[in-house]
Amino acid sequence: MNDTIFGKILRREIPADIVYEDDDLIAFKDISPQAPVHVLFVPKAPIATLNDLQPNQAELLGKLFLAAAAYAKRQGFADNGYRCVINCNSHAGQTVFQLHLHLLAGAPLRSGFG
Ligand code: 5GP
């Protein structure tokens with residue numbers, strides 16, 4: 001993973017509430033939750049933005065979504081529903097330049113894209 005705050009979490013240099021980890025990815029609770037459940041799923045390979053994802057990394061993106069869905073099922077909110085979001089670059093508000101998927105859940109979420 002590149003030298004972002006998420007790299008420091010992966011290397012246990014700073015604390016985080018880690019909820020899942022395997023060979024390819026790590027997931028931890030967002031420090032500033034935007035919903036009752038807000039977990040970040042982060043690939044360990046250094047990928048700054050979605051623009052940087054390579055065709056040979058397509059499976060990795062699938063694993064990210066599958067890990068999020070498995071977490072939702074384990075935690076019991078899969079049927080009620082949840083949202084998965086990937087922000088890319090400034091117009092989307094990306095602030096940490098290591099690819100990550102936001103999992104938001106736990107209450108009805110605002111609709112819209114603003
Ligand atoms: P982005 O805006 O790049 O899509 O999302 C970055 C997310 O990382 C934000 O939701 C922010 O709250 C979260 N974040 C930033 N720094 C930390 C940190 O040190 N620990 C944790 N757990 N989350 C962080």
Side-chain angles (χ1 to χ4, degrees):
M1 201 184 286
N2 57 17
D3 195 22
T4 63
I5 197 90
F6 294 169
K8 290 183 171 43
I9 289 172
L10 176 65
R11 296 190 298 272
R12 272 57 172 184
E13 291 167 10
I14 62 168
D17 192 344
I18 296 169
V19 299
Y20 179 76
E21 183 170 14
D22 64 24
D23 288 347
D24 299 311
L25 61 99
I26 187 166
F28 47 87
K29 294 186 180 174
D30 196 292
I31 203 167
S32 176
Q34 304 300 306
V37 176
H38 188 171
V39 176
L40 302 171
F41 290 78
V42 188
K44 292 182 176 178
I47 305 168
T49 80
L50 191 55
N51 289 337
D52 301 298
L53 188 76
Q54 301 301 306
N56 66 2
Q57 294 173 312
E59 193 180 342
L60 187 56
L61 203 59
K63 285 181 177 173
L64 219 54
F65 278 98
L66 285 169
Y71 180 78
K73 289 171 193 165
R74 275 201 310 280
Q75 295 297 311
F77 59 80
D79 287 345
N80 279 338
Y82 53 94
R83 181 172 295 157
C84 291
V85 175
I86 295 176
N87 294 322
C88 181
N89 280 338
S90 62
H91 279 195
Q94 185 176 5
T95 57
V96 178
F97 287 87
Q98 167 65 19
L99 180 67
H100 54 281
L101 179 152
H102 295 255
L103 170 63
L104 300 150
L109 301 168
R110 234 175 347 108
S111 58
F113 299 98

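- Distance check, rounded to the nearest 0.5 Å: CG of Asn89 to CG of Leu50 gives 9.5 Å.
- Here the side chains of Tyr82 and Val37 are not in contact, with every heavy-atom distance at 4.5 Å or above.
- Here Leu104 sits in one hydrophobic cluster together with Val85, Leu109; the rule is ILVMFWY side chains under 4.5 Å apart, joined directly or through other members.
- Minimum interatomic distance between Cys84 and Leu103 (heavy atoms only, all atoms of both residues): SG-CD1, 4.1 Å.
- For the pair Ile26 and Phe6, the minimum side-chain heavy-atom distance is 4.5 Å or more.
- The distance from the CD1 atom of Ile47 to the CD atom of Gln98 is 6.5 Å, given to the nearest 0.5 Å.
- Checking side-chain atoms of Gln94 against main-chain N and O of Val96 turns up a donor-acceptor pair under 3.5 Å.
- Annotation: Tyr20 is not in aromatic contact with Phe41 [ring centroid separation under 6.0 Å not met].
- The structure places CG of Leu99 at 11.5 Å from CZ of Phe97, a figure rounded to the nearest 0.5 Å.
- A search for salt bridge (charged side-chain N to carboxylate O under 4.0 Å, His left out) contacts involving Asp24 returns Lys63, not counting sequence neighbours.
- In terms of heavy-atom proximity, His38 sits nearest to Pro33 at ND1-CA, 3.5 Å.
- With hydrophobic clusters built from ILVMFWY side chains whose heavy atoms lie under 4.5 angstrom apart, Ile31 does not share a cluster with Ile5.
- Within a 6.0 Å sphere centred on CD of Glu59, other residues, nucleotides and ligands contribute 12 heavy atoms or fewer.
- Between the side chain of Gln75 and the backbone N or O of Lys73, no donor-acceptor pair lies under 3.5 Å.
- To the nearest 0.5 Å, atoms CG (Asp23) and NZ (Lys44) are separated by 6.5 Å.
- Atoms CG and CG, from Leu64 and Leu53 in turn, are 9.5 Å apart once rounded to the nearest 0.5 Å.
- Salt-bridge formation is detected for the pair Arg11/Asp3: a Lys NZ or Arg NE/NH1/NH2 atom is positioned less than 4.0 Å from an Asp or Glu carboxylate oxygen.
- Of the possible donor and acceptor atoms, none in the side chain of Arg83 sits under 3.5 Å from a partner among the backbone N and O of His102.
- Listed by chain and residue number, nothing satisfies the side-chain hydrogen bond (donor to acceptor under 3.5 Å, both in side chains) test with Asp17 (two or more places apart in sequence, or in another chain).
- Nearest heavy-atom pair, Ala35 versus Ala105, reported as atom, atom and distance to 0.1 Å: CB-O, 3.6 Å.
- Summarising the local packing, CG of Asp79 is surrounded by 12 or fewer heavy atoms from other residues, nucleotides or ligands at distances under 6.0 Å.
- Connection of Leu25 to Leu66 is not established within any shared hydrophobic cluster, with ILVMFWY side chains joined at heavy-atom distances below 4.5 Å, either directly or through further cluster members.
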